Peer 1: 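Attaching a single structure in structure tokens format; questions to follow.
Numbers here are sequence positions counted from 1. Both counts, for ligands and for their atoms, begin at 1 and track the order of listing. Everything quoted here is computed from the prediction, not taken from an experiment. What you see below is based on every heavy atom in this structure, not just the backbone, and it leaves out hydrogens, waters and symmetry mates.
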Amino acid sequence: MRVSVIGANGKIGRLLVERLRAADGLEPVAMVREEAQAADLRGRGVEAVTGDLEGEFAAALEGAGAVVFTAGSGAHTGKDKTLLIDLWGAVRVMKHCLARGPRRFIMVSAMRAGDPDAASGGIKPYLVAKWAADEWLLRSGLEYTILRPGGLTEDPGTGRVEAAARIERRGKIPRADVAAAIERCLRAPETVGKVYDLLSGEVPVEEALR
Ligand SMILES: NC(=O)c1ccc[n+]([C@@H]2O[C@H](COP(=O)([O-])OP(=O)(O)OC[C@H]3O[C@@H](n4cnc5c(N)ncnc54)[C@H](OP(=O)(O)O)[C@@H]3O)[C@@H](O)[C@H]2O)c1
């Protein structure tokens, strides 16, 4: 199955593309913003297309059986970009999926996006944007899975996580384990229609997302 990865030049995106490239039966289509990044990916045997969530991105979704949205405006841009990428960029991709496919949609959201009022300070507008994008997806009719990881780290993956509809404790998770969870969601139909908070834990990813 072809899997469109939106945000493929990001830290999770790169790990995911590499993981899917090496996996059986899943073929990543990496959407990046720069032609040089696309050329570099192609040189490594990955199908890559340029696209921009504020502009055109349809080519990245052509022929895909699933899409993974792991884009984000990042910590170094203003709240305008949080709205335009994390919220509106996601909604634009969902609208495209409803009109032209694919139906399977995996969203990388964030822990506490289910309840932004529980947060205060600078992170709250970001969580509101994530909440609104998630709500749109929940009501869209698309075959969604929403992953809400805690603080992301560059630590090596362990393949073990804690996953539940809601986890009260704060915590972290290596991006590599988020990528593993995304791959699991792509393979496991029982993850359709589910929302998971995701932290480092003790349970193998396959079991934790059951
Ligand atoms: N940091 C955390 O602790 C944390 C915790 C929970 C959830 N999250 C969420 O997890 C997701 C992935 O995190 P990450 O660390 O992998 O993020 P990242 O490294 O910042 O990657 C985000 C990607 O989004 C892309 N992007 C931004 N604007 C775009 C646009 N207009 N069109 C197309 N692509 C665009 C960026 O492209 P360029 O490479 O071209 O800039 C980048 O590759 C994000 O949604 C983030 O909010 C983060």
Side-chain angles (χ1 to χ4, degrees), residues 4-20 28-41 46 48-61 67-94 96 105-116 119 121-134 136-137 145-155 157 161-163 167 170-182 185 195-200:
S4 294
V5 180
I6 310 292
N9 190 51
K11 294 193 187 107
I12 288 179
R14 279 186 239 173
L15 291 168
L16 179 66
V17 164
E18 190 47 40
R19 193 179 172 98
L20 297 185
V29 180
M31 189 185 100
V32 293
R33 285 198 278 185
E34 306 284 337
E35 185 48 46
Q37 294 162 351
D40 181 59
L41 282 158
V46 175
V49 293
T50 52
D52 190 330
L53 291 165
E54 293 191 77
E56 291 297 321
F57 55 79
L61 296 161
V67 58
V68 177
F69 189 95
T70 186
S73 59
H76 304 295
T77 57
K79 295 186 175 58
D80 55 338
K81 292 295 181 189
T82 308
L83 267 184
L84 290 170
I85 306 305
D86 298 67
L87 172 53
W88 196 240
V91 170
R92 291 188 75 217
V93 175
M94 290 184 251
H96 176 101
F105 197 112
I106 296 174
M107 173 74 91
V108 180
S109 177
M111 223 170 146
R112 299 195 289 157
D115 183 14
I123 192 137
K124 192 165 176 180
Y126 163 79
L127 291 175
V128 169
K130 293 291 197 197
W131 174 87
D134 289 359
W136 212 98
L137 182 56
T145 305
I146 298 176
L147 295 173
R148 291 176 170 161
L152 299 172
T153 75
E154 295 297 288
D155 295 339
V161 300
E162 179 180 354
I167 302 174
R170 299 276 183 88
K172 298 189 173 187
I173 181 167
R175 286 179 171 89
D177 284 333
V178 178
I182 294 168
C185 291
V195 181
Y196 300 99
D197 281 354
L198 204 59
L199 292 178
S200 273

Peer 1: Does atom CD of E154 have more than 12 heavy-atom neighbours, drawn from other residues, nucleotides or ligands, at distances under 6.0 Å?
Peer 2: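 Yes, because the 6.0 Å sphere around CD of E154 holds more than 12 heavy atoms from other groups.
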Peer 1: Could you tell me whether the side chain of T70 and the main chain of V108 form a donor-acceptor pair under 3.5 Å?
Peer 2: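 Checking the backbone N and O of V108 against the side chain of T70, no donor-acceptor pair under 3.5 Å is found.
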Peer 1: How would you list, by chain and number, every residue that makes a side chain to side chain contact (heavy atoms under 4.5 Å, CB included) with M107, sequence neighbours excluded?
Peer 2: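 Checked M107 against side chain to side chain contact (heavy atoms under 4.5 Å, CB included); matches are F69, A90, M94, F105, S109, A133, D134, L137, I146.
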Peer 1: Among pairs that include at least one residue of residues 76-94, which meet salt bridge (charged side-chain N to carboxylate O under 4.0 Å, His left out), considering only residues two or more places apart or in two chains?
Peer 2: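 Salt bridge (charged side-chain N to carboxylate O under 4.0 Å, His left out) check on residues 76-94 returns E54-K81, D86-K130.
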Peer 1: Quick one: list whatever passes side chain to side chain contact (heavy atoms under 4.5 Å, CB included) with N9, sequence neighbours left out.
Peer 2: R14, V32, Q37
Peer 1: Check each N or O atom of ligand 1 against all protein N or O atoms and list the pairs under 3.5 Å, with atom names and distances to 0.1 Å, one per line.
Peer 2:
| residue | atom | partner | partner atom | Å |
| --- | --- | --- | --- | --- |
| ligand 1 | 3 (O) | L152 | N | 2.9 |
| ligand 1 | 8 (N) | Y126 | OH | 3.3 |
| ligand 1 | 15 (O) | R175 | NE | 2.9 |
| ligand 1 | 15 (O) | R175 | NH2 | 2.9 |
| ligand 1 | 16 (O) | K11 | N | 3.2 |
| ligand 1 | 16 (O) | I12 | N | 2.8 |
| ligand 1 | 19 (O) | K11 | N | 2.9 |
| ligand 1 | 24 (O) | G72 | N | 3.1 |
| ligand 1 | 24 (O) | G72 | O | 3.3 |
| ligand 1 | 31 (N) | D52 | OD1 | 2.8 |
| ligand 1 | 32 (N) | D52 | OD1 | 3.4 |
| ligand 1 | 32 (N) | L53 | N | 2.9 |
| ligand 1 | 39 (O) | N9 | ND2 | 2.8 |
| ligand 1 | 40 (O) | R33 | NE | 3.0 |
| ligand 1 | 40 (O) | R33 | NH2 | 3.4 |
| ligand 1 | 41 (O) | R33 | NH2 | 2.8 |
| ligand 1 | 43 (O) | G10 | N | 2.8 |
| ligand 1 | 45 (O) | A71 | O | 2.8 |
| ligand 1 | 45 (O) | K130 | NZ | 2.8 |
| ligand 1 | 47 (O) | Y126 | OH | 2.6 |
| ligand 1 | 47 (O) | K130 | NZ | 3.3 |

Peer 1: Working note: L83 + W88, criterion side-chain contact (heavy atoms from CB on, under 4.5 Å); need CA distance, chi angles, decisive distance, verdict.
Peer 2: CA-CA 6 Å; L83 267 184; W88 196 240; over 6 Å; no
